[in-house]
There are 2 protein chains.
Amino acid sequence: MNGARGKRSYDQQCALAYALDVVGERWTLLVIRELLHGPRRYNQLLEALPGIGTNLLAARLAALVDAGLLTPTEPRKRTGGYQLTDLGRSLHEPILGLSRFGLAYAAGHELPSGATARASWAVLAIEAMVDDARTGEIDESYEFRVDDEIFHVDVRAGHAEVVAGPADAPSLTVRTDARSFFSLGMRQLDPIEALVSGQVAAVGVPAAVTRCLRLLGITPDVAVSTDRLADVGPAPV
Amino acid sequence: MNGARGKRSYDQQCALAYALDVVGERWTLLVIRELLHGPRRYNQLLEALPGIGTNLLAARLAALVDAGLLTPTEPRKRTGGYQLTDLGRSLHEPILGLSRFGLAYAAGHELPSGATARASWAVLAIEAMVDDARTGEIDESYEFRVDDEIFHVDVRAGHAEVVAGPADAPSLTVRTDARSFFSLGMRQLDPIEALVSGQVAAVGVPAAVTRCLRLLGITPDVAVSTDRLADVGPAPV
DNA sequence: CTGCATCCGCCTCGATACTG
DNA sequence: CAGTATCGAGGCGGATGCAG
């Protein structure tokens, strides 16, 4: 019954403080994260956010709708879901930025490992890892099958884009589970070891493996540190 | 008595969740924001973060040092300050991203206006507003004097950089107060009106005013309303 | 069955007082 | 100056109730 009264604010004329006034509370950015993949229903969100508590999710959703970051998909009916507005979608880049930091942080620390792993998180991680500056002259696509989630990365004209669903003619198809995938992203699992042990299976053009790893910034250490980007070294697989 | 025990975590294998486990709590990103400008002492932080409470600041600082984002400038003595590590500094981009969102959000909403305004926030706002894609063929610099804070933007070879201190030979010098400055950034104050009313004073090459405004994305009317989020979001079905 | 609202115990937060 | 100790208020998490 409070509505918008008593909102806690940093009360600073600062762009960052304004942002945190809106999306800085607990769970809020994770709700946005879920909606980045498309509209979701209340119960879908509840299931994707273990531990949030029903009242808190309802409160967050109401606040976000009120702030103009979300809209109900069907304003009248109660059966509809929620989707991001343009303003809400503009959090995509900041979320990717924070994700990059999250990967960098996790790379240097011990992970709880009791954490729940979902394949849909992997899409976000791939988006965060891909860097257009490392596309070089590549023009191909890589398909990922993390658990039962399928998506792919299209690299074309110096730009890499992550898209849901299978690829047309991927030069590489990577299959793994969500847990192994994140261990790779956090540099706590060496890609070569993962391939050998079978935690990750790669099918396609052998040289594409190297190119894909470089695009994701997880070249297995030895790696070329020179910025000369000749078309891939010989891949010893 | 808790120390580091019982740390509240989202417990998800997700890059964003990892990030928020570290910097997602209240005040944490604002502490990082303060340290982006250089080392700060405990009392400087207290003063820059009105309402934080001494125990909470101490707890946050300890947690951040423990997480490896901060280090005391003088490990032994208690008189030293705190500074960011490389890992902590990697939050610069995510913070700028959130700041861009904060400006976009504030542009469409009523601002409390009772908020405390500090000139040093303006540096961050400028960094967030500047976009290399809008530098064109410009090769000049703009100096800003917001309250008693002086900094400038160097534009050279398609890249814009925000630097502390006065510029060498600025083609434009802008003088204003923090409050007016943020009103400009939030598009709640028209730059032309601000110049006429004297809230903002500009000295230098007249044409540089237009170039500077365009670099900051606050051109008076033609208004690139959707220019900033050229994210090509395919409409959800 | 979905989409919340209510209640309750706990933990975090914010403010003040106090100490080395 | 740089924190620690303490305490009230409120946000959070979990269980349950209830209406459409």
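Throughout, a chain's letter reflects where its sequence line sits, starting with A, and its residues are numbered from 1.
- Ring geometry, B/F151 versus B/F144: the interplanar angle falls under 30°, so the pair is classed parallel (tilted spans 30 to 60°).
- Non-hydrogen atoms lying under 4.0 Å from DNA chain D are contributed by nothing in residues 12-35 of chain B.
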Going 5' to 3' through nucleotides 14-20 of chain D and flagging B where a protein heavy-atom sits under 4.0 Å of the base, S where only the sugar-phosphate is that close, and - otherwise, we get BB-----
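- We find that CG of B/L64 is positioned 13 Å from P of D/dG3, with the value rounded to whole Å.
- Side-chain contact between A/L35 and A/L69: absent, with no pair of heavy atoms (C-beta onward) separated by less than 4.5 Å.
- Between the CZ atom of A/R8 and the C1' atom of D/dC12 there is a distance of 11 Å, given to the nearest Å.
- Judged purely by distance below 3.5 Å, without hydrogens or angles, the side chains of A/Q12 and B/R33 pair a donor atom with an acceptor atom.
- Nucleotide D/dG3 holds its P atom 16 Å from the CZ atom of B/R60, rounded to whole Å.
- Rounded to an integer number of Å, the gap from B/L61 CG to D/dT4 P is 10 Å.
- Two residues are said to be in side-chain contact when any heavy atoms from C-beta on lie closer than 4.5 Å; B/Q199 and B/R179 fail this criterion.
- For the pair A/L56 CG and C/dA5 C1', the computed distance is 13 Å after rounding to whole Å.
- Of the residues in residues 40-48 of chain A, those lying under 4.0 Å from DNA chain C by heavy-atom distance are A/R41, A/Y42, A/N43.
- Because its NZ or CZ atom is both nearer than 6.0 Å to the ring centre of B/Y10 and within 45° of the ring axis, A/R26 counts as a cation-pi partner of that residue.
- Each of B/L45, B/L57, B/L56 was compared with B/W27 under the side-chain contact (heavy atoms from CB on, under 4.5 Å) criterion, and only B/L56 meets it.
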